[in-house]
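Structure first, commentary second.
Since the model is a prediction, treat every value here as computed from it, not as a measurement.
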Amino acid sequence: MLGGGVVPGAVILLAGEPGVGKSTLLLEVAAQSARRGQRTLYVSGEESAAQVRLRAGRTDALVDELYLAAETDLGAVVGQVDAVDPTFLVIDSVQTMAHPEVDGAPGGVTQVREVTGALVRLAKERNIAVVLVGHVTKDGAIAGPRMLEHLVDVVLAFDGDRHSGFRMVRATKNRFGPSDEVGCFDMVDTGIVEVSDPTGLFVSEHAEPVAGTCVTVMMEGRRPLLAEVQALVGPSAAPQPRRTTSGLESSRVAMVLAVLGNRAGLKLTDQEVYVATVGGVKITEPVADLAVAISVASSVMDKPIHPGLIAIGEVGLAGEVRRVGGLEKRLAEAARLGFTKAIIPADVPNRSKESKPMDIEAKYGLRTFAAGDIRAALTAAGLT
């Protein structure tokens with residue numbers, strides 16, 4: 001996801017919430033670097049050397065060329081670099097380091113700026129690849145001055161659901177490669193492992209077709225991932241029925257429910273609606289609108305859809321099904337995983353980079369139904 005590897009002299013910032021697994025991931029990266037014969041120095045400012053040593057033993061990260069130091073003073077860190085002469089350096093974390101010639105507590109704006117600037121100069125002068133661990137604020141932004149992101153060469157965001165072992169690393173800035181790649185990992189008892197094909201994590205398997213479920217295909221960077229949307233609709237005695245979502249934007253779900261009521265004739269004003277994704281995945285793009293609409297309609301009618309059906313499309317306020325990008329990639333991934341039918345927007349652009357629906361059917365063996373509006377989509381799903 002870095003575009004082919006770590007560039008010597010590059011400074012990489014990895015940011016994420018507390019407990020997401022930043023230290024575990026970088027300890028594994030440092031161990032793999034050391035296994036290739038590259039002398040690696042891991043500097044921990046948050047844990048003692050004994051604590052990191054225990055984790056290294058648990059995750060099988062004890063390697064001869066991997067050195068460990070527990071320091072919070074930048075001068076001491078430079079001294080460790082002089083003694084070890086590494087080609088790969090990990091600083092965990094930049095907010096715990098203090099520059100000896102700068103006033104202020106570690107983690108302050110001035111300290112973070114000066115420490116990062118000194119480490120960038122160290123990386124460039126000695127041709128050392130440096131990875132910095134960064135904290136985030138409660139809003140998810142990287143803690144410290146915005147200049148921190150400008151100083152480094154690569155910015156990576158590490159996130160995941162606390163209740164799930166699945167983790168994702170996204171590149172938001174990369175001077176040496178693409179910035180739309182995604183790395184997928186799984187937290188296990190022995191550390192963190194790569195997930196080369198994470199699609200199955202977000203789709204549940206049912207022995208019999210179940211009402212209120214529909215599968216869509218989202219894009220994480222350049223990677224298509226199938227995700228299942230589930231809905232449960234039932235009567236409510238409250239004057240204001242609940243609208244609860246998990247893994248989806250509540251505003252978009254509310255919009256889809258309004259479109260179903262006004263454009264498809266589904267009466268939901270006195271119904272409680274619960275909509276969620278499987279596996280803790282978060283869907284932020286509007287491609288899931290059609291899957292939400294079909295899953296809700298399926299739950300209202302208590303009628304399951306065909307198990308080999310997927311739905312891809314954005315729903316507009318007028319009830320139209322709008323086009324989405326990367327349609328062929330999405331359909332190819334669905335066909336690879338055994339899906340046989342797909343409801344797609346009727347407004348598919350006729351371009352060289354995007355195949356026509358009939359070309360997709362012939363190429364991938366996936367039967368497509370082009371829906372111009374929400375009613376046509378529900379009809380294609382067998383819900384009218």
Side-chain angles (χ1 to χ4, degrees), residues 1-6 10-36 38 40-70 86 88-96 129-136 140 142 154-172 174 177 181-202 220-223 225 227 247 278-282:
M1 66 166 298
L2 291 176
V6 178
V11 181
I12 302 169
L13 175 65
L14 177 72
E17 294 183 354
V20 75
K22 302 183 296 295
S23 300
T24 304
L25 173 64
L26 289 181
L27 187 60
E28 177 64 25
V29 171
Q32 292 198 19
S33 173
R35 288 190 185 100
R36 296 191 178 99
Q38 297 178 342
T40 303
L41 175 61
Y42 186 102
V43 180
S44 176
E46 300 181 345
E47 298 175 285
S48 67
Q51 289 175 313
V52 180
R53 169 65 174 77
L54 285 174
R55 186 190 305 118
R58 177 172 55 86
T59 60
D60 192 25
L62 298 175
V63 188
D64 289 341
E65 289 296 316
L66 176 56
Y67 292 79
L68 171 65
F88 188 68
L89 173 64
V90 177
I91 304 292
D92 185 9
S93 65
V94 68
Q95 278 84 7
T96 61
V130 178
V131 179
L132 308 176
V133 175
H135 296 169
V136 296
I142 299 175
V154 181
V155 179
L156 305 177
F158 192 32
D159 55 42
D161 189 351
R162 286 182 175 269
H163 306 290
S164 170
F166 186 72
R167 300 288 187 268
M168 281 190 179
V169 179
R170 297 178 176 87
T172 59
N174 192 353
E181 289 288 358
V182 176
C184 301
F185 304 90
D186 189 22
M187 292 290 292
V188 296
D189 293 339
T190 56
I192 190 165
V193 295
E194 178 192 2
V195 179
S196 57
D197 190 2
T199 296
L201 298 175
F202 310 133
E220 282 288 352
R222 300 181 181 182
R223 179 181 300 193
L225 298 177
V278 171
V281 65
K282 295 180 181 179

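In this structure the side chain of Val131 never reaches within 4.5 angstrom of the side chain of Val6, judged on heavy atoms. Between Leu66 and Leu27 the shortest side-chain heavy-atom distance falls below 4.5 Å. Contact of the Thr40 side chain with the Val63 side chain is not registered, since no non-hydrogen atoms from C-beta on lie closer than 4.5 Å. Leu225 has its side chain out of reach of Val182: every pair of non-hydrogen atoms, C-beta onward, lies at least 4.5 Å apart.
Of the possible polar contacts, none joining the Thr96 side chain to the Glu46 backbone as a donor-acceptor pair under 3.5 Å is found. At least one donor-acceptor pair under 3.5 Å links the side chain of Lys22 to the backbone N or O of Glu17.
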> Yes or no on side chain to side chain donor-acceptor pair (under 3.5 Å) for Glu28 and Thr59, after CA distance, side-chain angles and deciding distance?
Replying inline: CA-CA 8 Å; Glu28 177 64 25; Thr59 60; 5.0 Å; no

>> Set out, in order, the CA-CA distance, both residues' side-chain angles and the distance that settles side chain to side chain contact (heavy atoms under 4.5 Å, CB included) for Thr190 and Asp60, then state yes or no.
In response: CA-CA 8 Å; Thr190 56; Asp60 192 25; over 6 Å; no

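For the side chain to side chain contact (heavy atoms under 4.5 Å, CB included) test, residues two or more places apart in sequence or in another chain that qualify with Ser48 are Ala50, Gln51. Residues satisfying the side chain to side chain donor-acceptor pair (under 3.5 Å) test with Arg170, not counting sequence neighbours, are Asp159, Glu220. Annotation: side chain to side chain donor-acceptor pair (under 3.5 Å) contacts of Arg55 (sequence neighbours excluded): Glu47.
For the pair Ala227 and Val281, the tightest heavy-atom approach, listed with the atom from each and the gap, is CB-CG1, 4.2 Å. Pairing each heavy atom of Asp189 with each of Arg58, the nearest pair is O-NH1, 3.1 Å. Contact record, Leu2 with Val154: CD2-CG1, 3.9 Å, taken as the closest heavy-atom pair. Closest approach of Val195 and Arg223 over heavy atoms only: O-NH1, 3.8 Å. Minimum interatomic distance between Met187 and Ile192 (heavy atoms only, all atoms of both residues): SD-CD1, 3.7 Å. Among all heavy-atom pairs drawn from Ala30 and Val90, the shortest one is CB-CG2, 4.5 Å.
Between Val43 and the options Val52, Leu89, Val133, a side chain to side chain contact (heavy atoms under 4.5 Å, CB included) holds for only Leu89. Checking Thr24, Val193, Val169 one by one against Phe185, the side chain to side chain contact (heavy atoms under 4.5 Å, CB included) holds for a single residue, Val169.
Remark: Leu41 CG to Glu65 CD distance equals 12.0 Å, nearest 0.5 Å. Rounding to the nearest 0.5 Å places CD1 of Ile91 at 10.0 Å from OH of Tyr42. Of the inter-residue distances, the one linking Leu13 atom CG with Leu156 atom CG reads 7.5 Å to the nearest 0.5 angstrom. Between the OG atom in Ser93 and the CG atom in Leu26 there is a gap of 11.0 Å [rounded to 0.5 Å]. Atom CD1 of Ile12 sits about 6.5 Å away from atom CZ of Phe88, to the nearest 0.5 Å. With rounding to the nearest 0.5 angstrom, the CG atom of Leu132 is 9.0 Å from the CD atom of Gln95.
Residues Ser33 and Gln38 bring a donor and an acceptor atom of their side chains to less than 3.5 Å of each other.
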